[in-house]
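Model, not experiment: these values are computed from the prediction. By convention in this document, chain letters (A, B, ...) are assigned in the order of the sequence lines, proteins followed by strands, and residues within each chain are numbered from 1.
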Amino acid sequence: MNSRQLLKIGVPEYCLKTAKTAIQNKVAEEKVNGKGSGAGKVRGKALKELVQAVVAQPEAFLEDLSFRQLALELIEDNREEVFEPIDYQVWGKEGIDEGAFSQMDLACHVPSARGAALMPDAHLGYGLPIGGVLALEDAVIPYAVGVDIACRMKLSVLDISVDALDQKPHQFVDALNRGTVFGVGAAHEKRQYHGVMDQDWTVSKVTREKKDRAWKQLGSSGSGNHFVEFGVLTFTEADAELGLEAGEYVALLSHSGSRGAGAAVCSTYSSIAQARLHKRHHKLGRLAWLEMDSEAGQEYWAAMNLMGEYAAANHAVIHQNVSEILGSKVVSGVENHHNFAWKEEHDGKEFYVHRKGATPAAAGELGVIPGSMADPAFVVRGKGNPASLNSASHGAGRCMSRNKAKDKYRWKAVRNDLAKRGITVISAGADEVPGVYKNIMEVMAEQQDLVDIVARFNPKVVKMCGDGSRAED
DNA sequence: ATGTAC
């Protein structure tokens, strides 16, 4: 019997090897016993029924020479595990929905979990909630990194006077329109170049197969909450590390990730992990993990890190294109991943720290936390709070579902309203209007013990993925 | 968030 047939009759994937050995032994055993008689051979339908019987009632086969090992593994698999889940601290509890808590509670039952925290922008996600932080020992969970591996922020400070935003708004609109492309599956007409395409994309089958698509999508922005925008960045005091005096600057801010390639890496390796999930852990579902000492675990780690570099390159291309069209130079900047896993030391031990919609905030570490298309983003400096595993929120967090938002808001009306407030939104949809997000000022207040605010960015010219069905996009 | 198919 082959693997596919065995899986079909209910043999768990991680028992396949044992099952095949057991069947070989059984056939050999029958040959010896039945020598000369020619009767009693197990094969075909009889063999299939025998294996089904072992799966249904492994306890009955503990005395069977050939099936004993498979029976033991199946019994072990059915055994309920009793152990204490880990605990976690929450920031901004009042603004977080029940679903996010249940998902985080479940994540604390992952056997290798050693630390966890929930950020004030938390909401429901696949597997781990968005805004969830999870430290594992020797294991990695693809869905605790997220579908959009290395979804990240990049802010570039430009050598342009702030007055230009009001005086020549069309130039900024033009730079955003020509500098990147939006949409599911979107790619540049002309293939862009970045050194990341010279890296080794053969670290996994999926990255090798998706390399060409990734190259086409280099410098693209995708959809959903992704954006590219210009705004006014205000420093109330000088920052030596960024090399900027107190004052106002024009800055370019982008939010996007690893596009189709990253999504393919996540789904490929989460499928492998879910197939390996023992029956007693089936409730964990999308929280399925890969052991770091397994081949698949190593492959995922290499592919995830490549997607990290690819996503960074994606932003680099966007910023280069946009600033070049504008004829400006980048004088300073900040960038950070907020969907990623890092090998870090906490409490003297090495963990794989997953931040899914959480900003790394070790002591002194710079990051960017956006609000919404009309609300400020903040440049922050981490405080290294160990209870949050050196993390902070990655934004304000949604407080309304995309579907509800499409019922409640009319995009055209919101856009006109924002225009009156001096914010030009080139394209977007009702599901991303400011009202679907929590108040960023409140969220920042909830995490004063996680980050210091370094500078404030007020959006002025915004581009997001438009809804193709609307002519006014 | 992504993009296509046991």
Sorted by chain and residue number, the side chain to side chain contact (heavy atoms under 4.5 Å, CB included) partners of L165(A) (sequence neighbours excluded) come out as F172(A), F230(A), V232(A), V250(A), K460(A), V461(A)
Reading DNA chain B in the 5' to 3' direction, which nucleotide is the first one with an atom under 4.0 Å from a heavy atom of chain A, and which is the last? dA1(B) to dT4(B)
Would you mind writing out the side-chain donor-acceptor pairs for residues 259-270 of chain A within the sub-3.5 Å range, not counting sequence neighbours?
residue	atom	partner	partner atom	Å
R259(A)	NE	S220(A)	OG	2.7
R259(A)	NH2	G183(A)	O	3.2
R259(A)	NH2	A186(A)	O	3.2
S267(A)	OG	A264(A)	O	3.4
T268(A)	OG1	A264(A)	O	2.7
Y269(A)	OH	E299(A)	OE1	2.6
S270(A)	OG	Q274(A)	NE2	3.0

Tell me every residue that passes salt bridge (Lys or Arg N to Asp or Glu O under 4.0 Å) with E209(A), counting only those two or more places apart in sequence or in another chain. K205(A)
Which residues pass the salt bridge (Lys or Arg N to Asp or Glu O under 4.0 Å) test with R410(A), not counting sequence neighbours? none
What residues from residues 215-222 of chain A pass a heavy-atom cutoff of under 4.0 Å to DNA chain B? Q217(A), G222(A)
Test: salt bridge (charged side-chain N to carboxylate O under 4.0 Å, His left out). Region: residues 95-113 of chain A. Which pairs qualify, not counting sequence neighbours? none
Just checking W342(A) against Y352(A), ring centres under 6.0 Å apart? no
Position toward the 5' end of DNA chain B (nearest nucleotide), C151(A) or K210(A): C151(A)
Under 4.0 angstrom, heavy atoms only, what part of the nucleic acid is R213(A) near: base, sugar-phosphate, or nothing? sugar-phosphate
Please output the side-chain donor-acceptor pairs of residues 137-147 of chain A that fall under 3.5 Å, not counting sequence neighbours, one pair per line with the distance.
residue	atom	partner	partner atom	Å
E137(A)	OE1	R114(A)	NE	2.6
E137(A)	OE1	R114(A)	NH2	3.4

Keeping to residues at least two apart or across chains, list the salt bridge (charged side-chain N to carboxylate O under 4.0 Å, His left out) pairs with something in residues 215-229 of chain A. D212(A)-K216(A)
